[in-house]
A.B. asks: 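Dumping the structure here so I can ask a few things about it.
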There are 2 protein chains.
Amino acid sequence: MDAKDLQILRELQNDGRLSNAELAERVALSPSPCLRRVRLLEERGVIEGYTAIVNQKAYGLPVTVFIQIRLDHHSTEAAQIFEHAIQTIDEIMDCHLMTGETDYMLRVVVSSLEEYEQFVRNRLHPIPNVASINTSFAYGVVKKNRALPR
Amino acid sequence: MDAKDLQILRELQNDGRLSNAELAERVALSPSPCLRRVRLLEERGVIEGYTAIVNQKAYGLPVTVFIQIRLDHHSTEAAQIFEHAIQTIDEIMDCHLMTGETDYMLRVVVSSLEEYEQFVRNRLHPIPNVASINTSFAYGVVKKNRALPR
DNA sequence: GATATATTTGGCATAATATGCCATAACGAG
DNA sequence: CTCGTTATGGCATATTATGCCAAATATATC
């Protein structure tokens, strides 16, 4: 990955639908080597895919919740059960395995506080081995960055 | 926003580079009304943009950190200064204004623990009015969802 | 420093795709 | 039922992607 690849990644993170012609111009290459670099980045898994960024409020899901979860014991089995359970729950946008006091950090998206209550009751509580659930509501987004630094 | 729009959004969240022809086929429309719907969703701000999803490890930034920040007082001015300060810091991928005990939740991306130390020293500590910084490191990602639920 | 090898690049022809326009069809209000 | 509005599909044109080849650049070896 040289400087040109980094430039390509920066441009595609800021506009994932850039045409190859436009992208090539911005990174000072002709279209064909530019396209070949993009395909290589895709094949190597550096580019995992492309996505449309949807406005949560306009979509009807204005509420973002961060949830810190601890398991009651830390066997491989308990972790596997938990991690498997969350995969099928659509409201969970992402889940990180954490160091320190909490085991998992979830970002969950819902339409309202009422729906969040339902979510906790119907989706979270049925999962076994969960010792504690710590909920933090987000009022709004102050910053949102598309491109990784550097 | 009818069912077709929702379908379009779902498809474009899962593959932001779908050709209009392919998208039209998937949502059972001919290309022209399909494209018109996409453009409308863009104009209305439902689709905020498109982005390439870059693998953090492959890119050289394997460490994700969640940081909970409290300000020492909650004047509009203190908030504005803080919120303005973080905009220019590239390592901060997103920042949410929170309810409850902490004021802000940051997601930060760095190459190593050493770099995180530098980040805190050089970027965070200079910001005024910050009362406390609570750092939580992520080992790895258990789940990552591109598409909003429903 | 010269030569051989491998890698990357740019150009071109072809195939696929997007775009804008228009007539037709579906929908809703009165 | 009828008018006015909105959405749809088809088509011609312009733009873009793709695959192939020769030229240029970089790398390694002696």
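Protein chains get the first letters and strands the later ones, always in sequence-line order, with residue 1 at the start of each. All of these numbers come straight from a predicted model, not from anything done at the bench.
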A.B. asks: Distance check needed: D:dA7 P versus B:Leu41 CG, whole Å only.
C.D. replies: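 Rounded to the whole Å, the gap is 12 Å.
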A.B. asks: Could you state the CG-C1' distance from A:Leu18 to D:dT16, rounded to the nearest angstrom?
C.D. replies: 13 Å
A.B. asks: Between P on D:dT5 and CG on B:Leu40, what's the gap in Å once rounded to a whole number?
C.D. replies: 18 Å
A.B. asks: Scan B:Glu117, B:Gln118, B:His125 and name whichever one has a side chain to side chain donor-acceptor pair (under 3.5 Å) with B:Arg121.
C.D. replies: B:Glu117
A.B. asks: How close or far is atom P of C:dT8 from atom CE of A:Met1, stated in whole angstroms?
C.D. replies: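 To the nearest whole Å, that distance equals 14 Å.
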A.B. asks: In whole Å, what is the span from the CG atom of A:Leu23 to the P atom of D:dT16?
C.D. replies: 12 Å
A.B. asks: Considering only D:dT16, D:dT8, C:dT9, which nucleotide approaches the side chain of B:Arg37 most closely?
C.D. replies: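 Closest nucleotide to the B:Arg37 side chain: D:dT8.
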A.B. asks: Taking the minimum atom-to-atom distance to the side chain of B:Arg39, which one of D:dA17, C:dA18, C:dT9 wins?
C.D. replies: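 The answer is C:dA18, which lies nearest to the side chain.
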A.B. asks: One thing to verify: whether A:Arg150 and B:Glu115 come together as a salt bridge, which I'm taking to mean a side-chain N less than 4.0 angstrom from a carboxylate O.
C.D. replies: yes
A.B. asks: Could you please name the option among C:dT9, C:dA18, D:dT8 that lies closest to any side-chain atom of B:Leu35?
C.D. replies: C:dA18
A.B. asks: Which part of the nucleic acid, if any, lies within reach of A:Ser32 when heavy atoms closer than 4.0 Å are counted: base, sugar-phosphate only, or nothing?
C.D. replies: base
A.B. asks: Given C:dG10, D:dT8, D:dT16, identify the nucleotide with an atom nearest to the side chain of B:Pro33.
C.D. replies: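 Closest of the options to the side chain of B:Pro33: D:dT8.
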A.B. asks: Taking the side chain of B:Ser30 as heavy atoms from C-beta outward, which of D:dG10, C:dT8, D:dA7 is closest to it?
C.D. replies: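 Comparing D:dG10, C:dT8, D:dA7 against the side chain of B:Ser30, the answer is D:dG10.
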A.B. asks: Which heavy atom of A:Lys57 sits nearest a heavy atom of A:Pro62, and at what distance?
C.D. replies: CG-CB, 3.9 Å
A.B. asks: Measure CD/B:Glu22 against C1'/C:dA15 and give the value in whole Å, please.
C.D. replies: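 Computing the B:Glu22:CD to C:dA15:C1' distance gives 17 Å.
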A.B. asks: For A:Lys4 and C:dT7, give me the distance from atom NZ to atom C1', rounded to whole Å.
C.D. replies: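 Result: 16 Å.
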A.B. asks: How many angstroms lie between atom CD of B:Gln68 and atom NE2 of B:His96, to the nearest 0.5 angstrom?
C.D. replies: 12.0 Å
A.B. asks: Under 4.0 Å, counting only non-hydrogen atoms across every strand here, what does A:Arg36 touch: a base, just sugar-phosphate, or nothing?
C.D. replies: base
A.B. asks: Name every donor-acceptor pair, under 3.5 Å, that has one atom in a side chain of residues 77-85 of chain B and the other anywhere in the protein, sequence neighbours excluded.
C.D. replies:
from    : atom 1 : to       : atom 2 : distance (Å)
B:Glu83 : OE2    : B:Tyr104 : OH     : 2.7

A.B. asks: Closest to the A:Ala21 side chain: D:dA17, C:dA18, D:dT8?
C.D. replies: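 The answer is D:dA17.
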A.B. asks: How close or far is atom P of C:dG20 from atom CG of B:Asn20, stated in whole angstroms?
C.D. replies: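 After rounding, the reported distance stands at 12 Å.
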